[in-house]
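Reading through the structure tokens given below for one structure.
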Amino acid sequence: MEITYLSLGSNIGNRQQHIAAALKKMSENNRITILRVAPIYETAPWGNENQDWFLNTVAEIETSLTPQELLEQLSNIETALGRTREQHWGPRTIDLDILLYGQEQINLPNLQIPHPRMTQRAFVLAPLADLCPDMILPDGQNINTLLKKVATQELKKI
Ligand SMILES: Nc1nc2nc(S)n(CCO)c2c(=O)[nH]1
């Protein structure tokens, strides 16, 4: 069993409901145990600023699924909740990203762990730091140092 951190985000429709529904579907998988969920943040859109603000949080889970199996389960949940992949980095009903899978470092065409952009994103680092204030990433970076670097990205706890 590995301790895994997931990013959840939504910026279409009832954003809080989409996040709650995704967590519920995860909890219904008997190979996933949700241990803790960070506070939810309202966050400025990153990457493509020309879209609505998101709600984001991070969930800490324990899973016996392999990283690839977990990715597949998360994709199934996104589809079940009406995710359509129109625009890259565009609006979405729900987005589930694997941030960390234990201390593993994975680099496959369809799966990079730790998430390659997580250190650039306040909407990931802030809730992750709520759960793990002294986290050191597998490559040795300190979460508090990283948080300072993204301090200009707007977000607020709801
Ligand atoms: N604030 C914010 N900006 C984002 N840009 C992208 S892409 N995404 C989707 C996650 O990759 C988000 C997000 O979840 N939150």
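Residues: numbered from 1 along the sequence shown.
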Indicate, with yes or no, if L100 and L35 share a hydrophobic cluster defined by side-chain heavy-atom contacts under 4.5 Å among Ile, Leu, Val, Met, Phe, Trp and Tyr. yes
Is there side-chain contact between L137 and P114, with heavy atoms separated by less than 4.5 Å? no
I need the Q112 CD to N110 CG distance, nearest 0.5 Å. 7.5 Å
Check whether any side-chain N or O of R92 sits under 3.5 Å from a backbone N or O of G90 as a donor-acceptor pair, and report yes or no. yes
Quick check against the 3.5 Å criterion: does H18 have a side-chain atom that pairs as donor or acceptor with the backbone of L81? no
Minimum heavy-atom distance between P91 and N11, given as atom pair plus value: CA-OD1, 3.2 Å
Is the side chain of S10 donor-acceptor paired with the backbone N or O of T93 at a distance under 3.5 Å, no angle test? yes
Would you name the heavy atoms of I143 and C132 that are closest together and state the gap between them? CG2-O, 3.8 Å
Among T43, D97, V150, find the one that has a side chain to side chain contact (heavy atoms under 4.5 Å, CB included) with R121. D97
CD/E72 to OG1/T66 distance, rounded to the nearest 0.5 angstrom? 8.5 Å
Option passing side chain to side chain contact (heavy atoms under 4.5 Å, CB included) with V37 (candidates T57, L8, V58): T57
If you count the non-hydrogen atoms of other residues, nucleotides and ligands that lie under 6.0 Å from CD in Q17, is the total more than 12? yes
I'd like to know if E42 pairs up with K157 as an ion pair, taking the criterion as any Lys NZ or Arg NE/NH1/NH2 lying under 4.0 Å from an Asp or Glu carboxylate oxygen. no
Has R36 got a side-chain atom pairing as donor or acceptor with L131's backbone, closer than 3.5 angstrom? yes
Could you tell me whether the side chain of P45 reaches within less than 4.5 Å of the side chain of D52, counting heavy atoms only? no
Would you say the side chains of Y5 and E60 form a donor-acceptor pair under 3.5 Å? yes
Count the heavy atoms belonging to other residues, nucleotides or ligands that lie under 6.0 Å from CG of N50, then report whether that count exceeds 12. no
Rounded distance [0.5 Å steps], CG in L147 versus CD in Q153: 10.0 Å
Within the side chain of E62, is there an N or O that forms a donor-acceptor pair under 3.5 Å with the backbone of I3? no
Look at the side chain of N142 and the backbone N and O of I136, then say whether any donor-acceptor pair between them is shorter than 3.5 Å. no
What's the separation between atom CD in E104 and atom CD1 in I98, rounded to the nearest 0.5 Å? 10.5 Å
Once you round to the nearest 0.5 Å, how far does CD of Q120 lie from NE2 of H115? 9.5 Å
Between S75 (side chain only) and L71 (backbone N and O only), is there a donor and an acceptor less than 3.5 Å apart? no
Could you tell me whether a side-chain N or O of Q73 sits under 3.5 Å from a main-chain N or O of L70, the two making a donor and an acceptor? no
Mark yes or no for whether Q51, through its side chain, and N48, through its backbone, hold a donor-acceptor pair below 3.5 Å. yes
Tell me, do M118 and L146 make a side-chain contact under 4.5 Å, heavy atoms counted? no
Test side chain to side chain contact (heavy atoms under 4.5 Å, CB included) applied to L6 and L96, L23, L99, I61, the passing residue: I61
Does the plane of the ring in F123 sit parallel, tilted or perpendicular to the ring in F54? Use 30° and 60° as the thresholds. parallel
Find out whether T79 and I77 are in side-chain contact, i.e. whether some heavy atom of one side chain is under 4.5 Å from a heavy atom of the other. no
Determine, using the 4.5 Å side-chain heavy-atom cutoff (strictly less than), whether L111 and Y101 are members of one ILVMFWY cluster. yes
Are L128 and I40 linked, directly or through intermediate hydrophobic residues, by side-chain heavy-atom contacts shorter than 4.5 Å (ILVMFWY only)? no
Please go through Y41's hydrophobic cluster and name the other residues, only I, L, V, M, F, W, Y counting, with side-chain heavy atoms under 4.5 Å joining them. L155
Heavy-atom distance under 4.5 Å between the side chains of N29 and L65, does that happen here? yes
Is it true that, when you exclude Q16 itself, more than 12 heavy atoms of the residues, nucleotides or ligands shown sit nearer than 6.0 Å to its CD? no
Donor-acceptor pair, side chain of N144 and main chain of P133, under 3.5 angstrom: yes
Distance check, rounded to the nearest 0.5 Å: E28 atom CD versus I34 atom CD1? 9.5 Å
Which is it for R31 and T63 under the side chain to side chain donor-acceptor pair (under 3.5 Å) test, yes or no, and what are the steps along the way? CA-CA 6 Å; R31 296 186 63 191; T63 184; over 6 Å; no
Side chains of R117 and V124 in contact at under 4.5 Å (non-hydrogen atoms): no
Under 4.5 Å between side-chain heavy atoms, hopping through other hydrophobics if needed: is there a path connecting L55 to L125? no
